[in-house]
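Comments concern the structure below.
The structure displayed is predicted, hence computed values, not measured ones.
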Amino acid sequence: MKIENTKAQMRKGVLEYCILSVLKDNDAYVAEILETLKSAKLLVVEGTIYPLLTRLKNAGLLTYRWEESTSGPPRKYYGLTETGKIFLKELTHTWDELQTAVTIVTTQKPKNHE
């Protein structure tokens, strides 16, 4: 088994949560979302993020608007819907529980079976 495949699967598993989290306070366009993810070492390519944003939009979690740009074509800004905000709150709760559980399991000393 290649470690890179497992690492990629772990990243994909949290990507939706991370994207929703990036948008929790402010709307952003794809380049801003990608930059935030990259700065956190979550390397994502545009080919991955566009289908994901479309899926989140179709699920009613995101909305978008077009805004003129002074440095090129108009930009599509994504933001959370009210449903998206509720969904993010639930995911945050689940993430906290999962993080706690993983920490317990991965830092627990093995039990001696005599």
Side-chain angles (χ1 to χ4, degrees):
M1 181 184 281
K2 293 187 178 181
I3 188 70
E4 290 307 317
N5 292 344
T6 302
K7 287 164 62 173
Q9 288 301 315
M10 290 173 79
R11 281 190 203 101
K12 282 181 187 176
V14 297
L15 197 52
E16 286 183 17
Y17 175 52
C18 290
I19 289 171
L20 293 172
S21 294
V22 167
L23 298 171
K24 76 174 180 246
D25 295 322
N26 297 303
D27 294 357
Y29 62 101
V30 172
E32 292 173 323
I33 297 168
L34 284 171
E35 186 57 40
T36 302
L37 296 173
K38 285 178 186 176
S39 69
K41 306 265 192 277
L42 276 171
L43 302 177
V44 181
V45 293
E46 286 187 34
T48 302
I49 200 165
Y50 281 108
L52 188 51
L53 289 169
T54 299
R55 193 166 73 240
L56 293 170
K57 181 188 73 63
N58 290 344
L61 304 177
L62 295 181
T63 186
Y64 69 86
R65 63 184 160 76
W66 289 98
E67 199 170 288
E68 292 297 322
S69 169
T70 56
S71 60
R75 294 176 174 162
K76 188 188 263 189
Y77 280 80
Y78 289 88
L80 293 180
T81 62
E82 285 305 312
T83 302
K85 291 174 184 176
I86 293 165
F87 191 81
L88 175 58
K89 194 177 283 188
E90 291 176 17
L91 279 182
T92 299
H93 179 71
T94 301
W95 175 254
D96 291 343
E97 287 179 337
L98 182 60
Q99 191 176 17
T100 299
V102 169
T103 299
I104 290 168
V105 170
T106 58
T107 60
Q108 204 171 52
K109 292 185 174 144
K111 294 178 181 175
N112 290 334
H113 296 284
E114 295 177 13

Hydrophobic cluster membership, Leu15 vs Met10, 4.5 Å side-chain cutoff: no
Polar side-chain atom of Thr81 near backbone of Gly60 as donor-acceptor pair, under 3.5 Å: yes
Steps toward side chain to side chain contact (heavy atoms under 4.5 Å, CB included) verdict (Tyr17, Thr92): CA-CA 8 Å; Tyr17 175 52; Thr92 299; 3.2 Å; yes
Derivation and outcome, side chain to side chain contact (heavy atoms under 4.5 Å, CB included), residues Thr36 and Leu42: CA-CA 9 Å; Thr36 302; Leu42 276 171; over 6 Å; no
Atom pair OG1/CZ of Thr6 and Arg11 - distance to nearest 0.5 Å: 11.0 Å
Sub-4.5 Å side-chain heavy-atom contact between Leu62 and Leu20: yes
Within 6.0 angstrom of Lys76 NZ, more than 12 heavy atoms from elsewhere: yes
Leu80 side chain reached by Leu61 side chain, heavy atoms, under 4.5 Å: no
Partner set under ring-ring contact (aromatic ring centres under 6.0 Å, His included) for Phe87, not counting sequence neighbours: none
Considering all heavy atoms, the nearest Leu37-Cys18 contact: CD2-CB, 3.9 Å
Selection residues 83-99 - residue pairs positive for salt bridge (charged side-chain N to carboxylate O under 4.0 Å, His left out), sequence neighbours left out: Glu82-Lys85
For the student: nearest non-hydrogen atoms of Pro73 and Ser69, plus distance: O-CB, 3.3 Å
Derivation and outcome, salt bridge (Lys or Arg N to Asp or Glu O under 4.0 Å), residues Lys7 and Glu4: CA-CA 5 Å; Lys7 287 164 62 173; Glu4 290 307 317; 3.4 Å; yes
Result of checking Asn26, Asp25, Ile19 against Leu23 for side chain to side chain contact (heavy atoms under 4.5 Å, CB included): Ile19
Atom of Leu52, atom of Arg55 and distance for their closest heavy-atom approach: CD1-NH2, 3.0 Å
Spacing of Thr83 atom OG1 and Leu88 atom CG [to the nearest 0.5 Å]: 12.5 Å
The single option from Tyr78, Tyr77, Trp66 passing ring pair (Phe, Tyr, Trp, His ring centres under 6.0 Å) against Tyr29: Tyr77
Tyr50: partners by ring-ring contact (aromatic ring centres under 6.0 Å, His included), with sequence neighbours left out: none
Atom pair OG1 (Thr103) and CG (Leu98), whose distance is rounded to the nearest 0.5 Å: 9.0 Å
Cluster link Leu53 to Val14, ILVMFWY, side chain under 4.5 Å: yes
